Amino acid sequence: MSNEKYRKVKSLNLPEIDKEILAFWSEKKVFEKSIEERSKDNSYVFYEGPPSANGKPGIHHVMARTIKDMICRHNTLKGKRVERKGGWDTHGLPIELAVEKELGITKEDIGTKISVEEYNTKCRETVMRYKSLWDDLTVKMGYWVDLENPYVTYENEYIESVWWLLNQLYKKDLLYKGLSVQPYSPAAGTGLSTAELNMPGCYKDVKDTSAVAMFKVERDEKSDFLFEGDDEDVRLIAWTTTPWTLPSNTALTAGGKIDYVKIKMLNSYTDLPVSVVMAEALVKKWFGAKNQPEMIEQSESFKGALMDGIRYEQLLDFGNEIEELQGKTDAFRVILGNFVTTEDGTGIVHTAPSFGADDRMVGVQNGIGALTLVDKQGKFKDTVGEFSGRYVKNYKDNPDYVNVDIDISIKLKKENKAFNVAKYEHNYPHCWRTDKPILYYPLDSWFVKAASMKERMSELNKTINWKPASTGEGRFGKWLENLQDWNLSRSRFWGIPLPIWRTEDGEEEKCISSIEELTNEIEHANKVLEKNQTIPEDLHRPYIDDVILATTDGQPMTRELDLIDVWFDSGSMPYAQWHYPFENKEKFERNYPADFIAEGVDQTRGWFYTLHAIATMVFDSVAYKNVVSNGLVLDKNGIKMSKSKGNAVDPFEALDKYGADANRWYMIANSPPWNNLKYDGDGVDEKRKKFFGTLFNTYNFFATYANIDGFEMDEANATPISDRPEIDKWIISKLNSLIKEYTDAMDDYEATKGCRAIENFVLNDLSNWYVRLCRRRFWKSDSDSDKRAAYETLYECMVVVSQLMSAVAPFFGDWLYQRLTDPIRKNEKANDGRWKHDSVHLTYLTKPNDDLIDAAMEERMDYAQRISSLVLSIRKKENHRVRQPLQKILLPVLDTTFQAQVEAVKDLILSEVNVKEIEYLTDTTGFIKKKIKANFKTLGRKLGKNMKAAAAVIGGFTQEDISAVEKSNSYELVVGDETYELTLEDFEITSDDIPGWTVANDGALTVALDVTVTDELLAEGTARELVNRIQNIRKTRDFNVTDKIVVTLENHEAIRPALEQFADYICTETLATSLDAKSDVEGEVIELNDEVSLNIQVEVQS
RNA sequence: UCCGAUGUGGCGCAACGGUUAGCGCAAUCGCCUGAUACGCGGGAGGCUGAUGGUUCGAAUCCAUCCUUCGGAACCA
């Protein structure tokens, strides 16, 4: 075994190959070399989106990373230097939550039960918890990324770069502090992110008291049309599921295009006559049923726009001053909003700008002012009359809690301000931690003015090549068009602190851009404030919070306590990974922007956006030129994988079971990665068997004979392609076409196309056609040069395939490469040859050679394949096994080159299908009946509207017309008034029938087979059957391939002609020295065919 | 509700304006002809979610609706 040049393995074991190659890579430092050996002036820039090592990796990470890896490897093969700095996302909510869970604390405990310092230390420790698992996956799946020097978002250098970026925004006046209504948990005393709100179980069905309140209209010019008599009591009615917000009401919002009506009725609670205004579409919801008030009269409908500006009396007036919105406090009037629907409620929306995002939006637009009568603890302020100090929900689990909503409703009823009060079940968000309902509350936050840059972002986005394009135009493009300002603030502990210090009155502020600046500022503060502060070693909280800065005139400034949204961290990586601009300026410039990034679609509004936003706002540039967003990995039934459903595929198991390459290949080749992938282990296994198995067998075949013959590739003295036989030229031509197709596809990030092209080549062209047809050349040497050419050709195909496939299947690709090239490495190194590199990943992609691509040859081999296939199909239909020789194939000749093309591959076809001759049918033979059809592609363009008529004319051609066209190569077509000059290529001439023959066809190709079995053919067929049976006996009895044998056959009628005419043939094929027929033979029984069985005796010649 | 995608033989995919809609798996029938039975070959199987439109011509472009998946919101 050890002296074999080409190492063989009995069976394909991809996981074993993974191990072997991993060891090799690490021993030879292949990854490092693949970068170092390429010039810095020719780089391809890739950014790694940092994963968080706080969670375990899943199978979808294999998907995303395969895409990243294959594009990087492909460009490395093309000679690019592809540095791949890894990174870790280390901040953010998930980490904090995990730590809190582990410590059994809640956010309120931070700073009391546990110091911020301890807490953050714990976060820092926890954040890399699964790092080893991630590293393991990275290695096992063959993802090449530099994990030795990763960027880590919690490091001071990283933070400093983020600060610098933030300061750039600040200087451009793109950073501001503002109030926005955000989900807020009074019980926990903290704002919640949308992510927190969307945690499972947070939206819960709860029964709340809902009230429809009546707002008394003030009569003036605008509202006059609503009134009929002098003393009519007209009320606008609005529904709310949070009656506690009613005291804070400052407006009512109506839909401008919605139809409203006024209804006269008696209030059910007071029996007083009132007229209520509501949307016409909702009248039936509130009137008519039992227990509902009776309608006295319904007015004509009018558009909501008419009500714009109508004033009403404040519903519950406790004498609080109205807060300004946009400098105005013009409250208690009707405004218009497009979010109003007639789905439910009354079509008039109670608007409290402090407690709803929409409310605030229209509130700001209309300058209606706001009332914020609830404090951050969730209780009414002291100025709300009898409700002062009462919690709006039972946040403290007080057993004596009395529902404020009910009390407010009672008050409304008593004061004739309630139209309807009822329990209402609805879905409402709850704080995931305290399980208490959240409320929407105006919070101070720092914002990036992203909305003001949206045009530029859209513009730059159009220069980015998105895969798939729809994500860029649609999901991402639309998002940019409707961009809102970016809320950067997080009132958390473990993250990058906002580098902004303010005086107490907020009049002066400083945005720090570097450690140096901070140091200087501290010095200044120490001086004017007589302090002794030093810069903290760790820029996180709480240390940074202790830093007090000072204004020039000596006022102390404290840091804004918020942290920066972690997404800003990851969006900063192009700069912060190099600690730009403080270090590595050239390195940054060389590596910006990225040529390529890839992540899941879920990052569209995450990382893809933050990269783009920061790049646009700070550098007026894109951050990446090409981006691949892959779809989700679902289970095989198309259901999202989740731990709770138990359908999640463990990536390690998948890799162990099928090997990394089978998984990688499956994920890329199965369907374009941007489609959602239904991951199915059986599918992976199929790839393993089909593609890798076939390639493996091809190699094994090669190795078997190459070892026997001692073949060694000698690149420098290889047989010139021009001197090789036709079939070699053909597969080399195919190979070069493949290189072209594959490279083009990969350059366009269409890896699925590339992989499929490789599969096609390996399965159909190389294994099933080339190797099968050339088998004899390897084991029977007619001439040494022919055999050598066969080896060289097969070798070239395999080694180039190993290169091409190595981007997606890095293990098997390298394995195959090494098996093939190790024996010649020394020579190649000495001669500076293509295969001098120890690993395929260090080689340079073979360029396609157009001179070796011969379209005509590919065409004629295609004819050979198709004709063979057609003949086999006729054989099958007529029940003639291939061993039975038949006399001839009839082929209608359809165009001038066809006959010559087929003639060139005639022998191949004949031996392939075991037929004696090919006869060509032309119209002169009288046999063939042609059909003609218009070539729609060429004619359609010329004729346009007349196409249909023309097709009819052409369809009516007689045989004479057809041959006239063929002879003259031109035709004058008259349709209506128009005359067209047509040439032969405007027609498609076929013959799908040969009268009197069994035919089969495939496209324009038609084949007939003479199925008459003459006695002579039968004898030959029988002879071949006998050869087959004898060979089988040789095999089952384990004879040596070279053993000579003696054969004795039962003297049977059926085989007599075969023995008479083909004895020599039988003997040669089976290495029989004698072949006798006797009436009485002791031996085994063979079945010649369904009817005939006979005895046969086979012995090795002594 | 909005946005994006998706819908093609039993299943998974292809064709992206041009003749008769391809392929793989499964099923079926057949083949062990010395690299492969975890292999090879043959045949059968769909009129492309629905309707309408543009076009000489539509699986492909447009519109509306429906399915499935995902995303973003809203729930006054």
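Just so it is clear: chains get the letters A, B, ... in the order the sequence lines come, proteins before strands, and each one is counted from 1. From a predicted model like this one, the values you see are computed outputs, not experimental measurements.
- B:U33 atom C1' lies 14 Å from atom CD1 of A:Ile1030, rounded to whole Å.
- For the side chain to side chain contact (heavy atoms under 4.5 Å, CB included) test, residues two or more places apart in sequence or in another chain that qualify with A:Asn700 are A:Lys8, A:Phe696.
- At the heavy-atom level, A:Val771 lies under 4.0 Å from base atoms of the strands shown.
- Nearest-nucleotide assignment on RNA chain B puts the 5′-proximal partner with A:Lys937, out of A:Lys937 and A:Gly356.
- Counting only heavy atoms from C-beta outward, the side chains of A:Leu480 and A:Phe476 approach each other to under 4.5 Å.
- An OP1 or OP2 oxygen of B:U19 is reached within less than 4.0 angstrom by no side-chain nitrogen or oxygen of A:Asn935.
- Residues A:Thr242 and A:Val392 have side chains not in contact (no heavy-atom distance under 4.5 Å, counting atoms from C-beta outward).
- Taking the P atoms as reference points, B:U54 lies 30 Å from B:U1, given to the whole Å.
- A distance of 12.0 Å separates CG in A:Asn760 from CG in A:Leu766, rounded to the nearest 0.5 Å.
- Between B:A76, B:G39, B:G18, one nucleotide has an atom nearer to the side chain of A:Thr240 than all others, and that is B:A76.
- Here A:Arg875 pairs with nothing under the salt bridge (Lys or Arg N to Asp or Glu O under 4.0 Å) rule; sequence neighbours left out.
- The OG1 atom of A:Thr253 sits 11.5 Å away from the CG atom of A:Leu236 when rounded to the nearest 0.5 Å.
- Atom CG of A:Leu12 is separated from atom C1' of B:A35 by 14 Å (rounded to the nearest Å).
- Annotation: side chain of A:Phe215 is in contact with side chain of A:Leu246 (closest heavy-atom distance under 4.5 Å).
- When all heavy atoms are compared, the tightest approach of A:Ala279 to A:Tyr260 is N-CD2, 3.4 Å.
- The interatomic distance linking A:Glu1025 (CD) with B:C31 (C1') rounds to 11 Å, in whole Å.
- With hydrogens and angles left out, the side chain of A:Arg688 and the base of B:C38 share a donor-acceptor pair within 3.5 Å.
- For A:Glu1020, the salt bridge (Lys or Arg N to Asp or Glu O under 4.0 Å) partners two or more places apart in sequence, or in a different chain, are A:Lys916.
- A:Phe761 meets the ring-ring contact (aromatic ring centres under 6.0 Å, His included) test with no other residue; sequence neighbours excluded.
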Using the 3.5 Å cut-off, write out each protein N or O paired with an N or O of nucleotides 41-47 of chain B and the distance between them.
residue: B:G41; atom: OP1; partner: A:Asn768; partner atom: ND2; Å: 3.1
residue: B:G41; atom: N2; partner: A:Lys876; partner atom: NZ; Å: 3.4
residue: B:G42; atom: OP1; partner: A:Ser869; partner atom: OG; Å: 2.9
residue: B:G43; atom: OP1; partner: A:Ser873; partner atom: OG; Å: 3.4

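- Comparing the C1' positions of B:A26 and B:A44 gives a spacing of 14 Å, expressed to the nearest Å.
- With a 3.5 Å limit on both pairing distances and Watson-Crick or G-U wobble geometry required, the stems of 3 or more pairs in RNA chain B span B:1-5 with B:68-72, B:10-13 with B:22-25, B:28-31 with B:39-42, B:49-53 with B:61-65.
- Nucleotides B:C23 and B:A5 are separated by 24 Å at their C1' atoms, to the nearest Å.
- Under the 4.5 Å side-chain criterion, counting only non-hydrogen atoms from C-beta, A:Val913 is not in contact with A:Leu1009.
- Between the P atoms of B:A14 and B:G24, the separation comes to 15 Å (whole Å).
- Spacing of C1' atoms, B:C65 relative to B:G30, comes out at 48 Å, to the nearest Å.
- The same atom, P, is picked in B:U60 and in B:A21; the two are 15 Å apart, to the nearest Å.
- In this structure, A:Phe215 atom CZ and B:A76 atom C1' are separated by 11 Å, rounded to whole Å.
- Closest contact between the side chain of A:Arg775 and the listed nucleotides B:G18, B:U36, B:C32 involves B:U36.
- When all heavy atoms of A:Trp244 and A:Asp405 are compared, the closest pair comes out as N-OD1, 3.0 Å.
- Here B:U33 presents its P atom at 12 Å from CZ of A:Arg1024, a figure rounded to the nearest Å.
- Counting to the nearest Å, the C1' atom of B:C38 and the NZ atom of A:Lys687 are 15 Å from each other.
- Side chains of A:Ser671 and A:Thr752 form no contact here, defined as non-hydrogen atoms less than 4.5 Å apart.
- The separation between A:Trp769 atom CH2 and B:G39 atom C1' is 18 Å, rounded to whole Å.
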> Does the pair A:Asp709 and A:Phe778 meet the rule for a side-chain contact (heavy atoms from CB on, under 4.5 Å), with working shown?
Replying inline: CA-CA 9 Å; A:Asp709 290 329; A:Phe778 293 94; 5.9 Å; no
With 3.5 Å as the limit, what N/O pairs link the protein to nucleotides 25-28 of chain B?
residue: B:C25; atom: OP1; partner: A:Lys690; partner atom: NZ; Å: 2.7

Atom pairs, N/O to N/O, protein against nucleotides 57-63 of chain B, distance under 3.5 Å?
none

Could you list the donor-acceptor pairs under 3.5 angstrom formed by side chains in residues 684-693 of chain A, with sequence neighbours left out?
residue: A:Asp685; atom: OD1; partner: A:Arg688; partner atom: NH1; Å: 2.6
residue: A:Lys687; atom: NZ; partner: A:Glu759; partner atom: OE2; Å: 3.3

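- Comparing the same atom, P, in B:G10 and in B:G71 gives a spacing of 30 Å after rounding to whole Å.
- Considering only side-chain atoms of A:Met947, the nucleotide from B:G18, B:U33, B:A76 that sits closest is B:G18.
- Residues A:Leu763 and A:Asn768 have side chains not in contact (no heavy-atom distance under 4.5 Å, counting atoms from C-beta outward).
- Residues satisfying the salt bridge (Lys or Arg N to Asp or Glu O under 4.0 Å) test with A:Lys467, not counting sequence neighbours, are A:Asp748, A:Glu750.
- With the nearest nucleotide of RNA chain B identified for both A:Gly347 and A:Leu763, A:Leu763 has the one nearer the 5' end.
- A:Arg772 has its CZ atom 18 Å from the P atom of B:C31, to the nearest Å.
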> When every nucleotide of nucleotides 9-15 of chain B is labelled 5' to 3' by its protein contacts under 4.0 Å (heavy atoms), B for base, S for sugar-phosphate only, - for none, what sequence of letters results?
Replying inline: ---SSS-
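- One C1' atom belongs to B:U64, the other to B:G45, and the distance between them is 33 Å to the nearest Å.
- Side-chain nitrogen and oxygen atoms of A:Tyr699 include none within less than 4.0 Å of the OP1 or OP2 phosphate oxygen of B:A35.
- Classified by interplanar angle (parallel below 30°, tilted 30° to 60°, perpendicular above 60°), the ring pair A:Phe957/A:Phe987 is tilted.
- Remark: A:Arg1024 pairs with no residue by the salt bridge (Lys or Arg N to Asp or Glu O under 4.0 Å) rule, at least two apart or across chains.
- Heavy atoms of A:Tyr705 sit under 4.0 angstrom from primed sugar atoms or phosphate atoms, though from no base atom.
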